[in-house]
**Student:** 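Below you'll find the structure I mean.
What you see below is based on every heavy atom in this structure, not just the backbone, and it leaves out hydrogens, waters and symmetry mates.
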Amino acid sequence: MRKILLLIFIILCSTIGYTPGYAPGYASDLSDTFSEKYNSLVPPSNSSVHSDYLFEQIALGSEYTIKLLDQMNRQNDERNEKIDILVNKFDTLIEQNKQIIKLLEKKN
């Protein structure tokens with residue numbers, strides 16, 4: 001019986017499938033873009049021009065932090081939806097197992 005349940009569990013997991021909730025290179029692309037923009041804000045050495053670059057770097061860091069948090073939120077929502085699907089399938093499986101147990105008890 002345990003082998004059957006394990007097999008059913010594996011089948012259920014494989015039918016749901018796992019696809020990441022993000023484009024594979026999106027986070028690294030975002031990081032690269034941030035690095036380029038961040039470094040472009042640094043003025044040349046011994047230059048007094050553009051002395052407020054630190055504030056612009058802070059603002060840029062905040063902007064990209066929000067972008068990454070939004071991405072994490074979307075991924076979390078997608079994973080929660082997949083978990084809900086899995087829970088529903090397990091509920092169905094539990095009900096089916098209860099019915100099988102009832103039928104087996106009646107047979108004995």
**Student:** Before you tell me yes or no, could you show the steps for E105 and I101 under side chain to side chain contact (heavy atoms under 4.5 Å, CB included), namely the whole-Å CA-CA distance, both residues' side-chain angles and the distance that decides it to 0.1 Å?
**Tutor:** CA-CA 6 Å; E105 286 175 348; I101 290 171; 3.6 Å; yes
**Student:** Answer yes when R74 and E78 have at least one side-chain N-carboxylate O distance shorter than 4.0 Å, and no when they do not.
**Tutor:** no
**Student:** Measure the NZ-CG distance between K102 and N97 for me, rounded to the nearest 0.5 Å.
**Tutor:** 12.5 Å
**Student:** With rounding to the nearest 0.5 Å, note down the distance linking CG in L68 to CD in E63.
**Tutor:** 11.0 Å
**Student:** The test is side chain to side chain contact (heavy atoms under 4.5 Å, CB included); show your working for R79 and K82 and say whether it passes.
**Tutor:** CA-CA 5 Å; R79 287 192 181 108; K82 289 179 183 180; 5.5 Å; no
**Student:** Under 4.5 Å between side-chain heavy atoms, counting indirect links through other Ile/Leu/Val/Met/Phe/Trp/Tyr residues: same cluster for F90 and I83 or not?
**Tutor:** no
**Student:** Going from NZ on K89 to CG on L86, what distance comes out if it is rounded to the nearest 0.5 angstrom?
**Tutor:**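 CG of L86 is found 8.0 Å from NZ of K89.
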**Student:** If you measure from OG1 on T65 to CG on L60, what distance do you get to the nearest 0.5 Å?
**Tutor:**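 T65 OG1 to L60 CG: 9.0 Å, rounded to 0.5 Å.
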